Asks: 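To start, I am sharing the structure in question, which I have written as structure tokens.
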Amino acid sequence: MSFAELGLSPELLRAVTEAGYTEPTPIQAQAIPVILAGKDIMGGAQTGTGKTAGFTLPLLQRLLPYASASTSPAKHPVRALIIAPTRELAVQVHQSVVTYSKYVPLRSTCIYGGVDMKAQVAELKRGIEIVVATPGRLLDHVEQKTILLQNVEFLILDEADRMLDMGFIPDIRRILNLLPAQRQSLLFSATFSDEIKKLADSMLRAPQLIEVARRNAVSENIRHLVHPVSSHVKRDLLADLLNAGADGLGQTLVFVNTKFGCARLALHLKKEGISADAIHGDKSQLERSAALEAFKSGAIRVLVATDVAARGLDVDDLPYVVNFEIPGTPEDYVHRIGRTGRAGKLGAAVSLVAPEENYKLAAIEKLIKFKIPQELVTGYGPETSVDDLRRFRNTHNRPKRQVDADGFDFNRPYASADELKPAARPQSRPSQSSRPPARPAAKRQIAADGFDFSAPYASNKAPEAPKAAGETPTESKRPRTTAFLLGGARKAD
DNA sequence: AAAAAAC
């Protein structure tokens with residue numbers, strides 16, 4: 001299957017080729033013909049599957065027949081409206097539109113809040129066929145009469161479940177009321193709750209359901225790991241993992257649950273000498289854009305983020321996502337870690353789990369339908385206090401990762417992404433009673449890619465039943481940082 | 001529970 005076979009025009013194919021793509025992804029192969037046929041779509045796809053190009057390309061193709069090279073603004077009414085839940089996402093979708101519309105006479109712009117309206121008004125005055133927008137600012141323009149939606153032929157709602165969460169539905173309904181009934185509508189959502197279905201019913205006509213992966217499925221290219229750690233020493237553990245050089249984490253997106261915690265953690269990491277910045281909704285749009293750009297370009301290694309960055313954001317080949325705090329809903333876990341392991345690349349999702357967060361971890365494992373392997377990092381444990389850590393640091397040098405006595409090579413790279421797949425569904429956690437008291441080296445099964453799924457958890461207690469306070473945490477005899485997740489193929493900067 | 005989104 002090639003893009004040409006999907007019936008895209010030469011101008012679009014040229015842009016696709018220049019962007020470096022040859023074959024459509026499964027969702028693209030499924031969605032593009034349906035959209036070209038003029039049907040409404042209710043689409044579900046796991047993150048990083050090429051969904052954006054999957055609707056951008058056929059949208060451009062559908063707009064082409066009446067595209068006008070005229071410079072008269074009157075010849076360029078708004079014909080397509082794409083709505084996204086965050087400003088950064090809107091910018092990203094717009095970049096995709098710009099990329100693929102390079103050789104066709106269609107104009108596009110992106111409108112969102114937090115920035116001056118004047119430039120957006122001037123853009124809209126030029127005459128723009130494709131508008132990518134966040135809901136609030138779009139309605140602002142509607143009220144100012146700087147945008148007319150009466151000629152809209154195509155409506156696309158991206159990350160619709162996110163819009164539900166964020167209480168956008170009244171805004172969305174207002175926007176829907178401004179659009180012609182005669183139009184093609186596409187709705188994309190990672191989850192299909194009853195509420196989403198209700199929205200879909202009112203917005204779509206005889207929609208075709210396109211679902212590429214199991215609902216709430218996580219990419220098989222992502223390695224998951226949990227470090228049980230007390231909340232008191234989490235930030236030290238994170239700094240250690242980030243500072244471990246080639247043994248530690250490389251470019252990393254760190255998620256926290258609050259805006260305040262986000263700013264505070266970024267500041268702490270900077271004090272530890274780590275190039276980091278924060279992105280959250282209380283920052284100015286200028287700061288948000290600057291932080292994201294710096295992270296995408298590699299100018300900074302670590303971006304600490306709230307869930308503003310949890311969905312849809314595409315950082316090219318991002319190797320690591322860390323959950324510094326466990327998100328309140330298990331769906332958010334799926335979205336957060338979906339920032340890595342995209343476009344066929346490998347990624348690792350590392351979660352720092354305090355005992356009081358174990359119930360959230362359990363909910364996540366129930367949703368993703370497998371248990372996440374756990375590793376205790378030497379010196380850190382679910383009951384470790386700041387004093388414990390200080391004592392530990394006074395008596396130990398940070399241990400270096402190395403090949404184990406029994407031949408476990410932490411640095412061995414994966415032979416291929418395929419090798420990862422059977423291993424991506426780890427064995428269930430051994431029960432407390434059957435857990436051996438010590439590490440049973442003889443019984444260990446080491447995957448071809450060097451990942452040991454049969455290793456017991458480093459803690460002597462089940463994560464659900466943390467140790468009594470004051471007990472010294474059990475040290476893993478196999479201290480290691482998390483670079484092994486990516487087989488040493490990745491290097492810290 | 002917090003996050004996001006308009007001024």
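Everything numeric here is computed off the predicted structure, so don't read it as measured data. To find a chain, count down the sequence lines: A is the first, B the second, and so on, and within it residues start at 1.
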Asks: Give the ring-plane orientation class for A:Tyr100 versus A:Tyr21, where under 30° counts as parallel, over 60° as perpendicular and anything between as tilted.
Replies: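 Judged by the thresholds at 30° and 60°, the geometry between A:Tyr100 and A:Tyr21 is tilted.
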
Asks: Are OP1 or OP2 of B:dA6 and a side-chain N or O of A:Thr134 less than 4.0 angstrom apart?
Replies: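 Looking at the OP1 and OP2 atoms of B:dA6, one of them is under 4.0 Å from a side-chain N or O of A:Thr134.
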
Asks: Any luck finding a side-chain donor-acceptor pair between A:His141 and A:Thr146 under 3.5 Å?
Replies: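 Yes - a donor-acceptor pair under 3.5 Å links their side chains.
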
Asks: Can you identify which nucleotide, out of B:dA4, B:dA6, B:dA2, has its nearest atom closest to the A:Thr258 side chain?
Replies: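 The answer is B:dA2.
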
Asks: With a 4.0 Å cut-off on heavy atoms, is A:Asn257 in touch with a base, just the backbone sugar-phosphate, or nothing at all?
Replies: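 Counting heavy atoms under 4.0 Å across all strands, the contact made by A:Asn257 is with sugar-phosphate only.
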
Asks: Which whole-number value in Å describes the distance from A:Leu157 CG to B:dA5 P?
Replies: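 One finds 16 Å between P of B:dA5 and CG of A:Leu157, rounded.
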
Asks: Taking any heavy-atom pair under 4.0 Å as a contact, classify A:Gly328: base, sugar-phosphate, or nothing.
Replies: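 Base contact.
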
Asks: Mind calculating the distance between CG (A:Leu138) and P (B:dA5) to the nearest angstrom?
Replies: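 After rounding, the reported distance stands at 15 Å.
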
Asks: Taking 4.0 Å as the cut-off, does a side-chain nitrogen or oxygen of A:Thr306 come that near to OP1 or OP2 on B:dA2?
Replies: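 No, outside the criterion.
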
Asks: Side chain of A:Thr329: nearest nucleotide among B:dA4, B:dA1, B:dA2?
Replies: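 In terms of side-chain proximity for A:Thr329, the closest of B:dA4, B:dA1, B:dA2 is B:dA1.
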
Asks: Rounding to a whole Å, what distance do you find between A:Met163:CE and B:dA4:P?
Replies: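 Taking atom P of B:dA4 as the reference, CE of A:Met163 is at 16 Å.
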
Asks: Return no unless some side-chain N or O of A:Arg174 is found under 4.0 Å from OP1 or OP2 of B:dA6.
Replies: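 Answer is no, no contact under 4.0 Å.
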
Asks: Roughly, in whole Å, what's the span from CG in A:Asp158 to C1' in B:dA4?
Replies: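 Atom CG in A:Asp158 sits about 15 Å away from atom C1' in B:dA4.
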
Asks: Quick one: salt bridge (Lys or Arg N to Asp or Glu O under 4.0 Å) pairs with a partner in residues 278-292 of chain A, sequence neighbours left out?
Replies: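 Those involving residues 278-292 of chain A are A:Glu88-A:Arg288, A:Lys259-A:Asp282, A:Asp277-A:Lys283.
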
Asks: Round to a whole Å and report the spacing from CZ of A:Phe168 to P of B:dA2.
Replies: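 In whole Å, B:dA2 P and A:Phe168 CZ are 19 Å from each other.
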
Asks: May I ask you to evaluate whether A:Arg288 reaches the phosphate of B:dA4, defined as a side-chain N or O under 4.0 Å from OP1 or OP2?
Replies: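 Result: no.
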
Asks: B:dA1, OP1 or OP2 - any side-chain N/O from A:Lys360 closer than 4.0 Å?
Replies: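 No, no such contact exists.
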
Asks: Closer than 4.0 angstrom, basic N to acidic O: yes or no for A:Glu143 and A:Arg174?
Replies: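 Salt bridge between A:Glu143 and A:Arg174, a charged N being under 4.0 Å from a carboxylate O: yes.
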
Asks: Write down the distance between CD1 (A:Ile326) and P (B:dA2), rounded to a whole number of angstrom.
Replies: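 Spelled out: CD1 on A:Ile326 to P on B:dA2 is 17 Å.
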
Asks: Can you measure A:Ile172 atom CD1 to B:dA4 atom P for me and round it to whole angstrom units?
Replies: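 Checked: the CD1 to P distance equals 18 Å.
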
Asks: Once salt bridge (charged side-chain N to carboxylate O under 4.0 Å, His left out) is applied, do any residues pair with A:Glu357, and if so which ones, sequence neighbours excluded?
Replies: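 A:Glu357 satisfies salt bridge (charged side-chain N to carboxylate O under 4.0 Å, His left out) with A:Lys234 only.
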
Asks: Rounded to the Å, how far apart are A:Glu331 CD and B:dA1 C1'?
Replies: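 Checked: the CD to C1' distance equals 14 Å.
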
